[in-house]
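Notes to accompany the following structure.
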Amino acid sequence: MPSSSPSSNRIKRCKPLLGTFVEITLEGAQSEAALHKIADKAFSIVGSVQRMMSFHDADSDISRINRCAHIAPLRVHPWTHYVIARALGISSQTEGAFDISIAPRLVKWKYLPEHGPVPDNNATWQDIELSETDCSVAFHRPLMVDLGGIAKGFAVDKVIDFLSTKGITSAVVNAGGDMRMLGGMAQTIGVRHPGAPQSQLVPALMPRVAVATSAGYFANRKMHGQRISPIVHPRTGKPLRSTTSVSIFSSTCMVADALTKAVLLAPQEVWTRVLAAQDSLALFLSSRGDEVHFPSFSTGHA
């Protein structure tokens, strides 16, 4: 990142939220004290998203609908309703490759906590019904949803929306690799190398203002002696086996976040169509470091 101009200040803050570390970098003409107050509000927005949409919080909107929405429609916060609606839209676009109803598998594999009875059926995103009039959610049969594949991106977008009203010159919000920038601060990023994700980064330009990355290389659970990824194919119920990562560059972090899973799981003819519809780009990295860009774009290095 370029250094701050003499007439501006810059701060960088980090907090554990959303099951990861959220880092916010701000630059502007405001005093450092004023920037810190803006950062405090930004982190409170992320905290609100966590309280509404965390599967781990037994009192969140998500936990409430997972317990009761198959019995009667439940009202949720408009933000939660909006994220579920966007998730269902992406499910439709990707022919079910992105599906927030895979939570029972993640509970079974200990990626998510077990708050109560876990549905054992073939429920999918198509069993979720939303009402626009009162922000209610209903399930056609028992199921569980998890917004872990889209809520981080939404939180990043909400923070950027807030910062855009505060006269910030430039900003970067990074929630565990789900990142969006405001202004011209971040021109390049480092994408984790699938062959050495803990120690090696691959540089890439930012062809869009937002990016998210998904891969199976951080799998830390075992089943039948094999490590299993939390990225689950909705149709087969099997975890992703590939170690290839995909980074999606898009105009919003929420779209980038969701599409990383869809691109890893959907047939190519499906995800190519969705990328075009969402004006998004994909960078694939193999464990050997091979790169594929779709459609072709520069990563800024040889």
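- Taking a cutoff of 4.0 Å between a charged side-chain nitrogen and a carboxylate oxygen, Glu23 and Lys12 qualify as a salt bridge.
- Comment: Asp157 engages Arg180 in a salt bridge, judged by a side-chain N to carboxylate O separation of less than 4.0 angstrom.
- Rounded to the nearest 0.5 Å, atoms CE (Met181) and CD1 (Ile189) are 10.0 Å apart.
- A ring-centre distance under 6.0 Å is found for Phe294 and Trp271.
- In this structure, the side chain of Gln50 engages the main chain of Leu18 through a donor-acceptor pair within 3.5 Å.
- A salt bridge between Glu95 and Arg273 is present, with a side-chain N of the basic residue lying under 4.0 Å from a carboxylate O of the acidic one.
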>> For Asp61 and Arg64: C-alpha separation, side-chain torsions, deciding distance, then whether salt bridge (Lys or Arg N to Asp or Glu O under 4.0 Å) applies.
In response: CA-CA 5 Å; Asp61 282 350; Arg64 291 192 303 109; 3.0 Å; yes
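- Salt bridge Asp99/Lys261: absent, no basic N to carboxylate O contact under 4.0 Å.
- A donor atom on one side chain and an acceptor atom on the other are not found under 3.5 Å apart for Thr252 and Ser250.
- In this model, no donor atom of one side chain and acceptor atom of the other lie less than 3.5 Å apart for His115 and Arg67.
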>> Please determine whether side chain to side chain contact (heavy atoms under 4.5 Å, CB included) holds for the pair Arg10 and Leu26, giving the CA-CA distance in whole Å, both sets of side-chain angles, and the decisive distance to 0.1 Å.
In response: CA-CA 6 Å; Arg10 177 184 293 180; Leu26 304 178; over 6 Å; no
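- In this model, a donor atom of one side chain and an acceptor atom of the other lie less than 3.5 Å apart for Ser131 and Asp134.
- Under a cutoff of 6.0 Å and an axis angle of 45°, Lys15 and Phe43 form a cation-pi pair.
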